[in-house]
2 protein chains.
Amino acid sequence: MLDKSHKHVSCATCGARKDSHFGSFCDHDVELTNEQKTCAYFKKGQAIFVEGSFPRGVYCLNQGKVKVFTRGDEGKEQIIHIAKEGEIIGFRAMFSGEAYKVSALTLEECNICYIAKDDFLNMIDTNPTLRNGIMKELSKELGDRAVFITNMAQKSVRERLAFALLILGDIYGDEQINLTREDMANFVGTATETLIRLLKDFKDEGIIEIHTRKLEILDQEKLIHLAGK
Amino acid sequence: MLDKSHKHVSCATCGARKDSHFGSFCDHDVELTNEQKTCAYFKKGQAIFVEGSFPRGVYCLNQGKVKVFTRGDEGKEQIIHIAKEGEIIGFRAMFSGEAYKVSALTLEECNICYIAKDDFLNMIDTNPTLRNGIMKELSKELGDRAVFITNMAQKSVRERLAFALLILGDIYGDEQINLTREDMANFVGTATETLIRLLKDFKDEGIIEIHTRKLEILDQEKLIHLAGK
DNA sequence: TAAAAAAAATGATTTTAATCACCTTTCAAT
DNA sequence: ATTGAAAGGTGATTAAAATCATTTTTTTTA
């Protein structure tokens, strides 16, 4: 169980910071950011921001994972991204000046810090390293989504699942993949039933092991091969 | 037929500039850019850059339209974007430091200017208005692609075609939409035969008029309704 | 710890859209 | 102006995956 107090996370000691966009900050900037940010505990399944509303700041994940998704016509979720410790989320809509086109919801208990819009934009204006890092991320994401769109259009569900498992394996690192079947289906872009059947196939083929809700990748090479280009 | 000389386009008189990212440039910067850029004539169907190669500069469209696409496993194109006069293309991979994840190919005769990487990055570093405009575009595109992914996952081909026609109508403005059926199918993410059949349905329903290759939108409201959210 | 709710799993059926095979029209080049 | 190639179009068939209906298992909470 995570500490639920709102002040316990300090930027100077934040474990997620060193590999984040704030990793290159000097001590002075770290301290300034520490004073600007507020920190909050989120329980599992809690909304961070919702599609259609307007951003007033950005969220920096200290602990825990978050799903970022849109809802289609009939309210069905399409998961666009799963963010993990160290990621900043919600800055896209801030730059574009639009309402959020996605929602963000915690997948587990999280500690999340908040930096107000003006403070963050000021950082971007004055810190070229941060700015270039953010531009690089925006650009990289854009390329990834082009590939994602192509996959949706041209690959079978089986191929897309292999691709998705590789991405999820990356996000979860040493931990086992831990998502509901429904969330996983909404990430792959398929029906829950179809996903369940395909997971079983993968298990029968020795590609993954299923520990109830948690998935373990046994044969990454095979997944790479299955996923194609 | 466009002028094919390589020097005829001047930034100062470029008709596409005022609504572009360079629209806010002062006279001095316009002149500097004019000296930095080179200009080239491209005939229809010519490649501007190709997936997998590394960017050495950006391309600014003075005249003509360009398709931006990826190729899936079997070489089938997925059109991600259709760029028109005034747009800058190819800067994503420059910021991300990766190889191009997309290719760009002219859809008609084009005049296209080229600005070398260092010159462009220097502009970005020193001109906050340009920089913010680019960041805004990156961010907006990212949101649009999230919606696109959701559409691919959840909408029928008919709905996606309606959506695509609205986007194309926007891009082509007063002109009629002018794409091969194959390109249109590769934009919608469907088979050419399916697209042809659906276009005929739309025609029978009085939504569009087909003038051989060119399409005219008759009932935009109906398209909006069909496309859904 | 028992009951209720949520998630996972399975089978049968239907639907959508892809694929295949072929014909016609349009366009570009000689 | 002719001809060949590219693009557009049509019908029949197949295949992939969605949907629907239920059952089983796991998790949560009263």
Side-chain angles (χ1 to χ4, degrees), chain A residues 1 43-46 67 72-79 105 107-109 150-162 164 176-204 208-215 226 228, chain B residues 1 43-45 67 72-79 105 107-109 150-162 164 176-204 208-215 226:
Chain A
M1 185 73 87
K43 57 178 192 280
K44 181 174 170 174
Q46 214 177 328
K67 65 174 170 180
D73 281 346
E74 271 100 54
K76 187 178 156 76
E77 293 180 7
Q78 173 64 41
I79 296 182
L105 200 129
L107 287 168
E108 50 194 67
E109 293 191 299
T150 308
N151 286 350
M152 294 296 292
Q154 300 185 11
K155 284 191 200 292
S156 65
V157 177
R158 186 176 153 92
E159 291 169 311
R160 273 165 20 220
L161 174 57
Q176 294 186 354
I177 297 166
N178 186 7
L179 281 177
T180 66
R181 299 291 188 262
E182 192 180 356
D183 278 341
M184 213 176 297
N186 290 342
F187 184 44
V188 173
T190 189
T192 307
E193 296 94 324
T194 302
L195 179 112
I196 288 169
R197 285 182 247 259
L198 287 170
L199 279 183
K200 198 188 162 209
D201 291 349
F202 280 9
K203 186 193 153 182
D204 291 346
I208 59 170
E209 194 48 82
I210 300 178
H211 306 107
T212 347
R213 217 189 111 130
K214 294 183 180 175
L215 299 186
L226 272 176
Chain B
M1 187 72 89
K43 57 178 192 280
K44 181 174 173 176
K67 65 173 169 180
D73 280 346
E74 272 100 53
K76 190 176 152 78
E77 294 180 7
Q78 174 64 40
I79 296 181
L105 199 129
L107 287 168
E108 51 193 65
E109 294 192 298
T150 308
N151 286 349
M152 293 297 292
Q154 299 185 12
K155 286 192 199 290
S156 66
V157 177
R158 186 177 152 92
E159 291 169 311
R160 274 165 19 223
L161 174 58
Q176 294 188 351
I177 297 166
N178 185 7
L179 280 177
T180 65
R181 299 291 188 263
E182 191 181 357
D183 278 341
M184 214 176 296
N186 290 342
F187 184 45
V188 174
T190 189
T192 308
E193 297 94 322
T194 303
L195 179 113
I196 287 170
R197 284 183 247 261
L198 287 170
L199 279 183
K200 197 187 160 207
D201 290 349
F202 280 10
K203 185 193 152 180
D204 292 346
I208 59 169
E209 193 48 80
I210 300 178
H211 305 107
T212 353
R213 220 189 110 128
K214 294 184 178 173
L215 299 186
L226 272 176

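Letters A, B, ... are given to chains in the order of the sequence lines, protein chains preceding strands, and every chain is numbered from 1.
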**Asked** Given that A:L179 and B:K44 both sit by DNA chain C, which one's nearest nucleotide is further toward the 5' end?
**Response**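 Its nearest nucleotide lies further toward 5', so the answer is A:L179.
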**Item:** Nearest-nucleotide pick for A:A191, side chain only, options being D:dT10, D:dT19, C:dT10
**Value:**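 Nearest nucleotide to the side chain: D:dT19.
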**Item:** Nearest-neighbour nucleotide for the B:V157 side chain, D:dG9, C:dA17, D:dT10 considered
**Value:**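 So the nucleotide nearest the side chain must be C:dA17.
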**Request:** By nearest nucleotide on DNA chain D, pick out whichever of B:R181 and A:L195 is the more 5' one.
**Result:**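 First, find each residue's nearest nucleotide; the 5'-ward one identifies B:R181.
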If I take atom [atom1] in residue [X] and atom [atom2] in nucleotide [N], what distance separates them, rounded to the nearest angstrom?
X: B:L198; N: C:dT16; atom1: CG; atom2: P; result: 12 Å
X: A:I196; N: D:dT24; atom1: CD1; atom2: P; result: 16 Å
X: A:Q78; N: D:dA18; atom1: CD; atom2: P; result: 12 Å
X: B:N186; N: D:dG8; atom1: CG; atom2: C1'; result: 15 Å
X: A:L199; N: C:dT10; atom1: CG; atom2: P; result: 11 Å
X: B:E193; N: D:dT14; atom1: CD; atom2: P; result: 16 Å
X: B:M152; N: D:dA18; atom1: CE; atom2: P; result: 13 Å
X: A:R213; N: D:dT26; atom1: CZ; atom2: C1'; result: 11 Å

**Evaluation steps, side chain to side chain contact (heavy atoms under 4.5 Å, CB included), between A:K67 and A:N186** = CA-CA 11 Å; A:K67 65 174 170 180; A:N186 290 342; over 6 Å; no
**Request:** Side-chain contact test, heavy atoms from C-beta onward, threshold under 4.5 Å: evaluate it for B:F202 versus B:L215 and give yes or no.
**Result:**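 Counting from C-beta outward, B:F202 and B:L215 never come under 4.5 Å.
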**Item:** Spacing of CG belonging to A:D183 relative to CD1 belonging to A:I177, to within rounding of 0.5 Å
**Value:**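 A:D183 atom CG to A:I177 atom CD1 measures 13.0 Å (nearest 0.5 Å).
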Under 4.0 Å between a side-chain N or O of [X] and OP1 or OP2 of [N]?
X: A:T180; N: C:dA7; value: no
X: B:T194; N: C:dA18; value: yes
X: B:T190; N: C:dA18; value: yes

**Message:** Let's go through B:E108 and B:N178 carefully: what are the C-alpha distance in whole Å and the side-chain angles of both, what is the deciding distance for side chain to side chain contact (heavy atoms under 4.5 Å, CB included) to 0.1 Å, and is it a yes or a no?
**Reply:** CA-CA 10 Å; B:E108 51 193 65; B:N178 185 7; 5.5 Å; no
**Request:** Report which part of the nucleic acid B:T192 touches: base, sugar-phosphate, or nothing (heavy-atom distance under 4.0 Å, all strands).
**Result:**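 Counting heavy atoms under 4.0 Å across all strands, no contact is made by B:T192.
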**Prompt:** Under the 3.5 angstrom rule, does the side chain of B:R181 hit a backbone N or O of B:T192 as a donor-acceptor pair?
**Reply:**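 No; zero donor-acceptor contacts below 3.5 Å.
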**Base of C:dT16 paired with side chain of B:R160 (donor-acceptor, under 3.5 Å)** =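 Counting by modelled atom types and ignoring angles, no donor-acceptor contact under 3.5 Å is found here.
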**Message:** Distance criterion of 3.5 Å, no angle test: do you see the side chain of B:R197 paired donor-to-acceptor with the base of C:dT19?
**Reply:**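 Pair found.
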